Number of protein chains: 2
Amino acid sequence: MRADAQRNRSRLLAAAEEVFAAKGIGAPVDEVARAAGVGIGTLFRHFATKEALLEAVYVARLQRLTDQVSSLSGAQDPAAVLTGFFADAVRSSGTKMALAAALAEAGIAVDAANASYGSALRQELGALLTRAQQAGGIRGDIAVGEFISLLAGTSQAVSGHDDATRDRILNVVLDGLRAGDTR
Amino acid sequence: MRADAQRNRSRLLAAAEEVFAAKGIGAPVDEVARAAGVGIGTLFRHFATKEALLEAVYVARLQRLTDQVSSLSGAQDPAAVLTGFFADAVRSSGTKMALAAALAEAGIAVDAANASYGSALRQELGALLTRAQQAGGIRGDIAVGEFISLLAGTSQAVSGHDDATRDRILNVVLDGLRAGDTR
DNA sequence: AACTATACGGAGTGTTCACTCCGCTTGTCG
DNA sequence: CGACAAGCGGAGTGAACACTCCGTATAGTT
């Protein structure tokens with residue numbers, strides 16, 4: 001792959017993430033191309049369809065989340081680490097108009113990505129969750145799937161609120177995650 | 001207003017709620033007209049734009065929620081009533097692919113409706129919430145806005161899950177709403 | 001420097017969709 | 001029943017948008 005091609009590809013990904021986060025996934029692809037400073041033709045050579053672009057954005061986000069969780073997995077206080085991760089993820093997605101939720105709503109594009117890349121995240125998170133539950137501090141009656149859905153739902157719940165309100169909402173869910181478990 | 005016109009109007013509203021709930025608000029209006037058994041012309045005579053139709057659907061939902069809360073406002077155990085309402089609302093919206101969330105994402109259409117009709121719901125709910133907080137059983141550090149956002153977020157979180165999973169997710173949030181308050 | 005595979009830009013194309021227009025139908029009222 | 005306003009249906013219109021195509025430009029190689 002030529003150097004300029006690689007540069008354009010990552011520019012497109014970054015621009016897409018920004019544009020879709022700001023205006024929702026309904027935003028026209030021309031805008032992404034313009035934001036990236038490339039022509040539309042270039043966009044479509046790198047990502048054959050809009051859906052492929054969305055998927056790439058989604059995968060990139062999964063990748064980052066997975067890395068983040070991986071780097072945390074050895075901690076000595078898994079419950080605190082897990083809730084900390086939850087809070088971080090919610091706070092950072094709040095800025096971005098619930099991009100993950102919007103992507104998830106898109107449906108099809110996400111399934112393929114979930115199967116291949118999501119499973120890694122799922123596995124990492126699942127391990128951390130189990131350890132947190134065993135160590136105490138996180139309720140035992142939920143699985144990874146519920147945890148992830150809660151993460152997405154909470155991200156949506158906090159979007160559009162100021163920092164203080166966002167933290168109040170977040171605390172409700174975090175307390176719920178700890179509930180029924182006497183630390 | 002002629003009898004048939006009124007009939008068509010309510011058919012359109014019902015069809016719109018169903019179609020948009022099933023396929024998201026991106027569904028073409030033709031489909032709504034077809035589902036209602038009327039022509040497109042008729043749809044647009046009753047609702048000047050698609051946005052107006054969405055707003056009408058949203059208002060109808062707000063209306064129903066408001067009535068529901070009103071009928072509950074005199075209860076002797078406000079905390080239980082409030083959590084019961086929360087659970088009901090989440091469960092019923094779960095079937096409908098988070099219609100409220102999708103509508104909220106549409107933005108503009110919702111603002112006007114919120115101002116006029118949402119305030120009634122907000123007021124009713126706010127009263128109930130305050131009473132529940134005073135009676136004990138609901139944490140004192142949240143306001144109506146947070147409660148409503150949590151409702152919407154939780155609705156999204158449970159969508160696509162089976163009943164048992166849905167209830168586990170719901171319980172996390174409900175426990176969170178009770179947390180920090182020794183009943 | 002010359003060459004060529006690789007990549008680029010953006011006008012053009014087909015399709016989807018919200019919305020309009022008008023000839024026809026039907027409810028309503030004297 | 002007859003008249004006519006109110007309402008209906010759906011072909012037609014324009015705009016937005018995803019995606020294609022090809023002449024031009026440029027990175028990498030010899």
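Here is how names work: the chains are called A, B, and so on, in the same order as the sequence lines, proteins then strands, and each is numbered from 1. All values reported here derive from a predicted model rather than from experimental measurement.
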Ignoring backbone atoms, test whether [X] places a side-chain nitrogen or oxygen under 4.0 Å from the OP1 or OP2 oxygen of [N].
| X | N | answer |
| --- | --- | --- |
| A:His46 | C:dC8 | yes |
| B:Arg45 | D:dC8 | yes |
| B:Asn8 | D:dG7 | no |
| A:Thr42 | C:dG9 | yes |

Output the rounded distance in Å from [atom1] ([X]) to [atom2] ([N]).
| X | N | atom1 | atom2 | answer |
| --- | --- | --- | --- | --- |
| A:Arg34 | C:dG9 | CZ | C1' | 14 Å |
| B:Arg7 | C:dT28 | CZ | C1' | 14 Å |
| B:Leu12 | C:dA18 | CG | P | 14 Å |
| A:Phe44 | C:dA7 | CZ | P | 18 Å |
| A:Lys50 | D:dT20 | NZ | P | 15 Å |
| B:Leu53 | C:dC19 | CG | C1' | 13 Å |
| B:Leu43 | D:dA11 | CG | P | 16 Å |
| A:Ile40 | D:dC21 | CD1 | P | 15 Å |

*Select from B:Met1 and A:Gln6 the residue whose nearest nucleotide in DNA chain C is closer to the 5' end of that strand.*
A:Gln6
*Go through the side-chain N and O atoms of B:Glu124 and B:Thr66 and say whether any donor and acceptor fall under 3.5 Å apart.*
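There is no such pair between these side chains.
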For the side chain of [X], starting at C-beta, report the closest nucleotide among [options].
| X | options | answer |
| --- | --- | --- |
| A:Thr49 | D:dC19, D:dA11, D:dG7 | D:dC19 |
| B:Asp4 | D:dC19, C:dG27, D:dA27 | C:dG27 |
| A:Ala3 | D:dG28, C:dG9, C:dC8 | D:dG28 |

_Residue pairs, two or more places apart or on separate chains, that pass ring-ring contact (aromatic ring centres under 6.0 Å, His included) and touch residues 127-181 of chain A_ =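 Those involving residues 127-181 of chain A are A:Phe86-A:Phe147.
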*Any salt bridge between B:Asp163 and B:Arg91, counting N to O under 4.0 Å?*
no
*asked:* Looking at A:Arg64 and A:Glu17, is there a salt bridge between them, counting it only when a charged N and a carboxylate O are closer than 4.0 Å?
replied: yes
_The criterion is ring-ring contact (aromatic ring centres under 6.0 Å, His included); which residues satisfy it with B:Phe85, sequence neighbours excluded?_
none
*Between A:Gly41 and A:Gly26, just flag the one whose closest nucleotide in DNA chain D comes earlier from the 5' side.*
A:Gly26
*Is any side-chain N or O of A:Arg2 under 3.5 Å from a base N or O of C:dA7, one able to act as donor and the other as acceptor?*
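Such a pair does not exist between side chain and base.
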